[in-house]
Amino acid sequence: MNQIDLTKQAETVRNRKSPWYWIPTLYFAQGLPYVAVMTISVIMYKRLGISNTEIALYTGWLYLPWVIKPFWSPFVDIIKTKRWWTLCMQWIIAFALAAIAFAIPAPFFFQLTPAVFWLVGFTSATHDIAADGFYMLALTEHEQSLYVGIRSTFYRIATVAGQGLLVIIAGLIETNSGLAPVTLTVNADPAVEWSQPNIDAIYSAEPDLAGEMAFYTPQKFLSLAVNTPSTVDVNGESISFGKYAAIMRDSVKHMNERNGFVAPENGASTNGKKVVSHNAPSAFTTWVKNTFGEDREPFTVRDNNFAIAGIKLNKKPTAGEEIILNVTLKSGDQSIRLEHNKLSTRFVFNENNWDKPAFLFYEVDHKITSPTSATFEGASGNIPLAWSMVFAVLSAFFFIVAAYHSWSLPRPVADGCNDGSTTASSIFKEFFETFRSFFQKPQVWLAIAFMLLYRLPEAQLVKLINPFLLDPIDKGGLGLTTGQVGIVYGTVGIIGLTLGGIIGGIVAAKGGLKKWLWPMAWSMSLTCLTFVYLSYATGLSLLVVSICVFIEQFGYGFGFTAYMLYLIYFSEGRHKTAHYAICTGFMALGMMLPGMAAGWLQETIGYRHFFIWTMICCAATIGVCAFLKIDPNFGRKIEKADEMD
């Protein structure tokens, strides 16, 4: 780095506020719209009674803006400043979220809100481009290294807050704005003997007519076995328990639809038949399995037990009145699951079906080894009001954060406005020049190979971590329950990932990217050995599994720092904002393509050999690092003595 570059960097950081004033809030704001579009919208539509078919149809393409954002990133680089784009997008998001909040109670909400979610998606993707570009312009190379873990941390906090806190707010409003909530507790115990569910008892339960209108259930406490028989006698015919459970689940679905609690799914009926694929494995799959697959004894399939409960109203609603009940998990072990994928947990009570039960179907993980329980709550409050308030809160946050960033975001000299000579023809000329200059950068094809291959082991591993933790031991997995996986991977793993990213940013800021590239690459690679160990070891405690997952996720978070810094380093230059967006496109591709094949490969060769394969893939991670040429000073703090040289 020459003296002129150092002078420019010094100018960009002169007389400005600390990055702590704006980096946490900027990246928290960057994460929230993504969660709102990709996750909260699906939950909201489900609670508002939209069918799975329509939800999948209208929300399936909402991820598109983040996929294609590199194609309009040059316009963000050419027109105005990154600061202007960042603030402008935040104001638009604030108004768009307010529009969603006002549209939800309207009768035509499902015609309007998907279009606004599209607007939020494209605006959010543009905000990502501008914010990342602003980050590179407003900070020195040393600061970019130092805060790379902080920005990732606050982005993750935003995803957790969006998927957790905002949904909780909606639930609290539902619970406190309607009839008194009804609760059902399911207790699962391996020592309890199995017994058939009694549907007749649910039907014949008499309501308590005293007092105000309320929901009630004849089975507030269900005691359920964990172990199941291999076969069940039904009308004199012996059938497998798995088939019996499927029949009962279909019966619940049909009864709820027949009684008008749930609208039938359009075109989704399979007449109660299980769709089974009869396609034989290809010759290539057979060869891979015979050559590289594990020699494992055939495993025994164990079925999950189930329970059926019913909920009724004690009084008849007035003519034309509809009371909506939504049932969700309130607390307890997630290994006891309320089926909500194939069956609806949203019920419409009216004057015609109030005295009939709406049925719930619970499944109990067969891997439970000690008594446990879970409590479920049915809320009947004002659902449109609840979700309107959620998006009103989101909108208010963005109005506040946009106003705050108008004050707190610095005005770096490097983020200068384009002059008045900019014309339409020059803009399009610059647009194509942006892509041309990207592919003319030194080492561009090696850089693209790095973007695609550096995370090759993790791109495959991340798809199979949860299945490996959940699958029973005789299938090669660890046999954890759903609740245990939530603790091990959803809590311990996230902590490890976050700490790894923060520490990676601190050390990279101290020594620079070139110095820490190799330790971070080896960290990304060697920690995959933990899953090789987990797949071969036996009798592991939950503590040991948690430690191994923590180590692997910490290593990934630490190693990922080098990846993010290299993307920033390679994007340096005239069109750094657009070039960084193009890099993130290759980053997504590098995760998507290996992940698509990971499931097939694991099913073909087994978990043990699959994890060994991911270790072999670490050679790609190390190999692409060997040929990179990186400025030794990039990312590290330049001491005054160095600046004088």
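Computed over heavy atoms, backbone and side chain alike; hydrogens, waters and symmetry mates excluded. The residues of the chain are indexed from 1 along the displayed sequence.
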Is T25 reaching over with its side chain to a backbone N or O of W22, donor-acceptor style, under 3.5 angstrom? yes

Parallel under 30°, tilted from 30 to 60°, perpendicular over 60°: which one fits the rings of Y404 and W407? tilted

Under 3.5 Å, is there a donor-acceptor pair between the S335 and D365 side chains? no

Kindly write out the residues that satisfy ring-ring contact (aromatic ring centres under 6.0 Å, His included) with H127, not counting sequence neighbours, or none if the list is empty. none

Any donor and acceptor pair, going by atom type alone, linking the side chain of S73 with main-chain N or O of P70 inside 3.5 Å? yes

Can you tell me if Y45 and T113 form a side-chain donor-acceptor pair at under 3.5 Å? yes

Cationic tip of R455 above Y563 ring, under 6.0 Å, 45° of axis: yes

With sequence neighbours excluded, give me every salt bridge (Lys or Arg N to Asp or Glu O under 4.0 Å) pair touching residues 95-104. none

Which word best sums up how the rings of W20 and Y147 line up, parallel for under 30°, tilted for 30 to 60°, or perpendicular for over 60°? perpendicular

Tell me every residue that passes side-chain contact (heavy atoms from CB on, under 4.5 Å) with T183, counting only those two or more places apart in sequence or in another chain. K220, T375, E377

For residues Y58 and F110, establish whether the separation of their ring centroids is below 6.0 Å. yes

With salt bridge (Lys or Arg N to Asp or Glu O under 4.0 Å) as the rule and sequence neighbours excluded, what pairs involving residues 148-159 come up? D132-R151

Heavy atoms only: give me the nearest A578-D77 pair and the separation to one decimal. N-OD2, 3.3 Å

Are F349 and F215, when compared by the centres of their aromatic rings, separated by less than 6.0 Å? yes

Run the ring-ring contact (aromatic ring centres under 6.0 Å, His included) test against F28 and tell me which residues pass, sequence neighbours left out. F397

So the salt bridge (Lys or Arg N to Asp or Glu O under 4.0 Å) pairs with at least one residue in residues 176-185 (sequence neighbours excluded) are none

Can you tell me how the ring of Y63 sits relative to the ring of W66, calling it parallel under 30°, perpendicular over 60° and tilted otherwise? parallel

Are the aromatic ring centres of F102 and F391 under 6.0 angstrom apart? no

When you measure from the centre of the six-membered ring of W85, is the NZ or CZ of K82 under 6.0 Å away and within 45° of the axis? no

